[in-house]
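None of the values given here were measured: they were computed from a predicted structure.
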Amino acid sequence: MPEQTQQWQVQPPAQPPAWLLQEIRRHVPESAGHYAAQLLWQRGIRDPKQLAGFLNPQAFQPASPFEFDQEMHSAVERLQQARNNGEKVTIWGDFDADGVTATAVLWDGLGQFFSQNDRLTYYIPNRLTESHGLNIQGINTLAESGTQLIVTCDTGSTNLAEIEYANQLGIDVIITDHHTLPADRPPVVAIINPRYLPAGHPMEHLSGVAVAYKLVEALYLTLPAVPQQSLENLLDLVAIGLIADLVQLSGDCRYLAQQGIQRLQKQLTERTRPGVAKLLELCKRSGDRPTDISFGLGPRINAVSRIHGDASFCVELLTSQNQQRCEHLAMETELANTRRQSLQKEVTQQVKLRLEQMDLSTTSVIVLVDEQWAAGVLGLVAGQVAQEYGRPTVLLSSVGMEGEGEGEGEKANSDNSDSELSTQDSALPLARGSARSVNQIDLYQLVKAQAHLLHRFGGHPFAAGLSLPVGNIPLFIEAINRQLREQMATLGVPVVQADLVVPVADLGQPLFRELKLLEPCGMGNPAPKLLIQNCWFEKTWHRNNQDLKGRKVQYIKTEFEIWDNSTNVGFPGIWWGHYKEEVPQGRCNAIVELDYNTYKNRYEVRLLAVQSCEASTIQDTGGMLLQILDWRDATSSQLSNTEVLPISQCPTSWDELQVWFRQAMYRQQNNHGEMPALALAYPPPQTLSPIQIWQQLVGVAKYLSRTDQLVSRRQLCEKLSLSDYTLHLGLETLAKINFEVIYLAQNLRISWHPQASAAVTDAKISGAIEQFLAAVQEEQFRRQYFYEVPVSTVQAIANSLAGDNLDPNTQLLQQSPT
């Protein structure tokens with residue numbers, strides 16, 4: 001076990017108003033409603049109209065697919081042309097759960113307009129040999145088969161070279177995706193990507209499957225007489241992809257997930273999708289909860305590509321009406337998942353054995369490599385190790401790595417999700433693998449700083465995939481550890497956040513039904529974590545699982561009863577991946593999630609973290625000095641709340657947030673001693689590329705020169721969404737291209753002298769512009785990080801700062817992005 005302890009924190013108790021308690025009791029009459037009301041109030045659901053749409057999808061008005069404007073109209077027009085001319089259309093999908101379900105949605109949806117396996121086919125890259133996105137080899141295969149139109153799903157936005165190549169072969173491309181946008185619009189018929197939508201749009205968080213659904217919906221609205229199947233039949237697939245992809249479940253995402261789960265829970269009785277029904281049976285789930293997806297269906301779909309590489313048969317599994325065939329494919333999927341569990345457990349054990357031989361006191365970043373590790377499970381193991389040991393973790397496999405890319409490099413939702421660095425000769429023997437972060441450390445920047453040692457790399461602040469020459473691994477280990485040591489004198493203690501303090505006596509059906517009102521849970525609305533204090537465990541036992549063929553799987557679970565002084569009856573629970581010897585003896589504190597076990601027909605808890613009372617260090621945030629609210633999808637009624645201090649501009653560093661922490665604390669002095677609240681109320685970052693911002697700056701400078709107007713630095717920063725430092729670089733660059741910038745107190749005067757003699761070389765001008773563009777890109781990345789950072793992370797840092805009296809030298813402030 002790792003030596004590092006964890007810091008536990010619990011949200012302060014809220015005092016929701018009477019109307020909110022009454023509404024909860026109306027939905028759950030047998031409950032007092034205090035727990036759910038407290039959670040909703042803490043999470044910013046404070047308006048009756050907002051609550052109605054949150055609890056009941058029928059009270060929510062979804063957005064029209066044609067709010068994607070001309071891009072959607074162009075896509076529908078091109079699909080109609082293909083249908084009328086008898087062209088062959090190919091869906092280009094992806095191998096994770098979001099990509100597979102997106103492919104299935106287009107297969108079923110477009111299949112109402114094109115004959116399947118004749119005029120409509122699909123192609124899913126191999127995870128282990130092709131990685132994500134379009135590729136030349138696959139495009140050649142489609143061209144040879146007569147494809148004239150490719151419709152991508154969950155991928156393709158930044159594959160500019162591949163799109164150009166397809167065009168040269170006479171193949172048109174429609175992109176449906178939700179990942180990073182390129183600087184310039186790609187040469188496609190249409191690109192349907194929610195990142196083009198304005199900030200705060202209800203569809204801004206759509207995942208790949210939801211975007212695919214919107215395309216099908218637009219086609220249904222345009223040709224309503226053609227489809228023989230209801231559009232709503234696709235919603236169960238949409239829910240699976242949405243929840244498995246961990247997107248923020250707000251706006252249309254929450255609506256689609258709610259609707260989809262309502263359809264999914266009918267599968268065991270109606271069996272309209274026999275493959276989905278069989279998967280639910282195999283994972284002993286009923287389909288009525290998002291956890292049935294996140295712990296049941298999602299991992300099984302993902303396991304196929306992790307083990308086999310090729311996930312193509314998953315589309316048939318999700319869409320075929322052949323029950324016998326679906327049962328066979330479901331069994332293959334289940335076997336792949338048990339194999340994945342076994343491999344994950346084996347690699348985890350091997351990693352821990354290696355760590356026992358290391359001096360972790362001198363190790364800031366865990367980096368391990370092995371010739372035999374299966375690349376498909378390294379991300380899962382790295383995440384587990386990072387959480388347990390409190391250190392960013394990079395796991396690499398060096399067997400047979402002369403392939404094309406890092407298939408385990410998970411797609412991300414940040415603006416750097418599809419970015420790749422390629423600085424090494426790919427002919428060298430490569431190791432590839434995955435990295436996972438912990439404790440607010442910006443993994444993307446940490447790995448990116450070693451670009452000169454890498455072959456390829458893509459990711460975001462929390463997760464990344466990478467490959468590098470085997471010979472560079474020692475240099476990489478030394479460099480990345482040195483960088484983090486310089487960044488932080490010591491590692492921060494991992495923070496575990498709980499939402500509610502609950503006694504064992506309150507566990508059971510009433511509380512389960514209360515908490516179920518918040519579902520579907522996910523990013524931005526996490527599943528409630530319950531803190532049970534001063535408890536103990538009895539009847540602990542563990543066993544290894546078996547696969548469908550009765551073979552032992554190296555993946556275990558411990559079952560137990562949890563007790564405390566509030567009742568004389570224990571409550572059942574389960575701890576996945578742990579042995580009974582790991583359960584502390586005597587009095588403990590435990591963080592759990594309340595669940596319902598369909599197979600055993602009982603309510604139970606799922607243990608997330610446990611510490612003996614002697615070792616536990618719970619920060620009782622009932623005495624917390626500052627409460628953080630997530631209003632990044634705020635309503636006007638929320639923003640008008642005078643009791644809350646809103647942050648309306650997205651920060652770019654923890655130092656900026658510290659200033660806001662101080663302001664909120666200062667307000668407490670004039671707030672009759674009540675706990676101050678600080679709301680993250682900033683909109684999504686703008687989507688202009690760095691070159692577009694440079695062009696804007698030049699255009700503004702020319703306008704100011706022509707009109708002889710003065711402007712303040714603040715006005716320019718707000719106009720261009722730049723920090724003062726990046727604006728300074730921009731102004732210095734303007735001076736190199738014949739602009740004169742004169743500083744007059746708080747204002748600037750900018751004049752242009754186009755005929756001035758060139759005192760600066762073209763190389764220096766180009767270098768200055770590149771420096772400015774790089775600064776803009778870095779700043780945009782940081783804004784995206786702080787737009788997506790979980791509120792629990794901000795709360796944890798605010799708590800730590802409050803506990804240190806907001807010491808400006810506290811090391812949490814040095815954690816990335818800095």
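The side-chain hydrogen bond (donor to acceptor under 3.5 Å, both in side chains) check on N481 picks up nothing, with sequence neighbours excluded. Scored by the salt bridge (charged side-chain N to carboxylate O under 4.0 Å, His left out) test, K580 finds no partners at all (sequence neighbours excluded).
Once rounded to the nearest 0.5 Å, the distance linking CD1 of I591 with CD of Q497 reads 8.5 Å.
Side chains of Q350 and W373: a donor on one and an acceptor on the other come within 3.5 Å. Of the N and O atoms on the side chains of S467 and R432, not one donor lies less than 3.5 Å from an acceptor on the other residue. A side-chain donor from one of E130 and N135 sits under 3.5 Å from a side-chain acceptor of the other.
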Between S723 and T726, is a side chain to side chain donor-acceptor pair (under 3.5 Å) present by the stated rule, with each step listed?
CA-CA 5 Å; S723 68; T726 307; 3.1 Å; yes
Decide yes or no on side chain to side chain contact (heavy atoms under 4.5 Å, CB included) for V381 and R436, but give the supporting numbers first.
CA-CA 9 Å; V381 177; R436 295 293 184 268; over 6 Å; no
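Contact detail for H179 and N193: the closest heavy-atom pair is O-ND2, 3.1 Å.
The aromatic rings of Y123 and W92 are tilted relative to each other, their planes meeting at an angle between 30° and 60°.
Using a cut-off of 4.0 Å between Lys/Arg side-chain N and Asp/Glu carboxylate O, R783 and E779 are scored as salt-bridged. Looking at R195 and D177, no side-chain N of the basic residue comes within less than 4.0 Å of a carboxylate O on the acidic one, giving no salt bridge.
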